[in-house]
Number of protein chains: 2
Amino acid sequence: MQLTLDLDSEVPIYQQIRDRIVEAIADGALAAGAALPSTRQLGMDLAINFHTVNKAYDLLRRQGFIRINRKSGAVVRRDRLSGPPEAGFADEWQSRLRTLLAEAVAQGLSPQEVQQRAGSVLESFATPKGSMT
Amino acid sequence: MQLTLDLDSEVPIYQQIRDRIVEAIADGALAAGAALPSTRQLGMDLAINFHTVNKAYDLLRRQGFIRINRKSGAVVRRDRLSGPPEAGFADEWQSRLRTLLAEAVAQGLSPQEVQQRAGSVLESFATPKGSMT
DNA sequence: GTATCTGTTCTATTATTTGTATAACAGCTA
DNA sequence: TAGCTGTTATACAAATAATAGAACAGATAC
């Protein structure tokens, strides 16, 4: 679970943890069913408070990325990468996509380069990564 | 300057203003050189404090989207949509793009659909909109 | 000139968020 | 039994978000 975060970033730590784990899921580094470290363990590894990790996990759970049981701990949901997304997700997501793409276009990136970069990222998700069972 | 914001959103008001204006620039609704309303005027229209609008404008200025003079007020930069983006922008932007695309893929959207939605958004930017001179 | 609008800056207050900290309880497991 | 775990509760300091009032200076309109 090599997970790097930037303590000087304006992005909250719990948000960074969430983002890195979501990327690891899309990546294939965290396969469906894979177990996440315990909040106390990950807090130790990252040298941060375990409540901050707990907040990130709770966010991932509320957004449907993981399941948390008292037994098995935090586990990547099995019915995610296969089935369709939650209702209403796609629309809300696309509006955020619109904002992000607008930023690049308004900064002078050509639509062609934007599309190419998006394709490059998606390609990096498609190529399977080493999973951590 | 029809600009809708959601006061119940978790996204700060000043950030929403920034986002909507960036989208209007990418959109073509705000052409290069176009003048933005004064902070007091926009604050009146949106029924919010003008300091909040000022914060949004200051953010747009620091990110290079607009120029602010005491004479002409806030104006969309002319040397943006033509020239290349600021140094180091593309890399930082792509890492944010990676996070956003990962979210969609991890939620179950196929890479094909993601790419199609990105294309759809970029297409909406390409088709010229009515500008507000 | 006077009045008005503007950007800019300063201070202040309230509410919320962020991160840390300590403690406790209950369930599982070696 | 002992240890690890998820979970919940409370507390605190720091930063952020939004509002508010006031003041100054430059530009514009009458």
Side-chain angles (χ1 to χ4, degrees), chain A residues 1 3-22 30 33-77 99 132-133, chain B residues 1 3-22 30 33-77 99 132-133:
Chain A
M1 199 56 178
L3 196 156
T4 314
L5 28 108
D6 178 12
L7 297 179
D8 295 331
S9 168
E10 78 231 349
V11 181
I13 298 177
Y14 75 93
Q15 183 74 40
Q16 292 185 47
I17 296 175
R18 190 220 82 128
D19 291 346
R20 294 300 88 75
I21 290 180
V22 169
L30 278 176
L36 271 59
S38 76
T39 56
R40 285 178 174 84
Q41 183 61 49
L42 187 54
M44 285 267 298
D45 291 356
L46 299 175
I48 59 172
N49 196 278
F50 82 95
H51 285 108
T52 306
V53 181
N54 198 10
K55 191 168 181 180
Y57 279 16
D58 187 59
L59 192 57
L60 286 164
R61 180 188 59 78
R62 283 187 286 120
Q63 294 177 339
F65 292 111
I66 65 176
R67 292 196 180 284
I68 307 181
N69 305 316
R70 198 178 287 268
K71 294 189 57 173
S72 30
V75 179
V76 178
R77 278 186 65 174
T99 301
M132 32 191 66
T133 318
Chain B
M1 200 55 177
L3 196 155
T4 314
L5 27 109
D6 178 12
L7 297 179
D8 295 330
S9 168
E10 78 232 350
V11 182
I13 299 177
Y14 76 92
Q15 183 74 41
Q16 292 186 48
I17 297 175
R18 191 220 80 128
D19 290 347
R20 295 300 88 74
I21 291 180
V22 169
L30 279 176
L36 271 60
S38 76
T39 56
R40 284 177 175 86
Q41 183 62 51
L42 187 53
M44 285 268 298
D45 292 355
L46 299 176
I48 59 173
N49 196 278
F50 82 95
H51 286 110
T52 306
V53 180
N54 199 8
K55 190 168 180 179
Y57 279 16
D58 188 58
L59 191 56
L60 286 163
R61 181 189 58 78
R62 283 186 285 118
Q63 294 178 337
F65 292 111
I66 65 176
R67 290 195 181 283
I68 307 180
N69 306 315
R70 196 177 290 269
K71 293 189 59 172
S72 31
V75 180
V76 178
R77 279 186 65 174
T99 302
M132 31 191 65
T133 318

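This is a predicted model, so every value here is computed, not measured.
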- [ ] Heavy atoms of chain B, cut-off under 4.0 Å: which first and last nucleotide of DNA chain C, 5' to 3', fall inside that, if you could look?
- [x] C:dT6 to C:dC10
Task: Nearest-nucleotide 5' precedence on DNA chain D, B:Q15 against B:K71 - done: B:Q15
- [ ] Determine the contact category for B:Y57: base if any of its heavy atoms lies under 4.0 Å from a base atom, sugar-phosphate if only primed atoms, P, OP1 or OP2 are that close, otherwise nothing.
- [x] nothing
Pair up each side-chain donor or acceptor in residues 50-60 of chain A with any protein partner under 3.5 Å, not counting sequence neighbours, and list the distances.
from  : atom 1 : to    : atom 2 : distance (Å)
A:H51 : ND1    : A:N49 : OD1    : 2.9
A:Y57 : OH     : A:P37 : O      : 2.8
A:D58 : OD1    : A:R61 : NE     : 3.3
A:D58 : OD1    : A:R61 : NH2    : 2.7
A:D58 : OD2    : A:R62 : NE     : 3.1

Open item on the list: What I'd like to find out is whether the side chain of A:I68 reaches to under 4.5 Å of the side chain of A:L36, using heavy atoms alone.
Closed with: no
Task: Nucleotides bounding contact with chain A, strand DNA chain D, heavy-atom threshold 4.0 Å - done: D:dT5 to D:dA9
Open item on the list: According to side-chain contact (heavy atoms from CB on, under 4.5 Å), who are the partners of B:S72, at least two apart in sequence or on a separate chain?
Closed with: B:N69, B:V75
- [ ] Please list, chain by chain and in numerical order, all residues satisfying side-chain contact (heavy atoms from CB on, under 4.5 Å) with A:D45, sequence neighbours excluded.
- [x] A:Q41
Open item on the list: Any residue in residues 36-47 of chain A with a heavy atom nearer than 4.0 angstrom to DNA chain C? Just list them by number, or reply none.
Closed with: A:R40
TODO: Work out which heavy atom in B:L46 is nearest to a heavy atom in B:L3; give both atom names and the distance.
DONE: CD2-O, 3.3 Å
Can you give me every donor-acceptor pair (side chain of residues 14-21 of chain A, partner residue at least two apart or in another chain, under 3.5 Å) with its distance?
from  : atom 1 : to     : atom 2 : distance (Å)
A:Q15 : NE2    : A:D19  : OD1    : 3.3
A:Q16 : OE1    : A:D6   : N      : 2.8
A:Q16 : NE2    : A:D6   : O      : 2.9
A:Q16 : NE2    : A:V11  : O      : 2.9
A:R18 : NH1    : A:Q63  : OE1    : 2.6
A:R18 : NH2    : B:E103 : OE1    : 3.2
A:R20 : NE     : A:E23  : OE1    : 3.2
A:R20 : NH2    : A:E23  : OE2    : 3.0

Open item on the list: I need the residues from residues 48-56 of chain B with at least one non-hydrogen atom less than 4.0 Å from DNA chain D; give them sorted by number, or say none.
Closed with: B:I48, B:N49, B:F50, B:H51, B:T52, B:K55
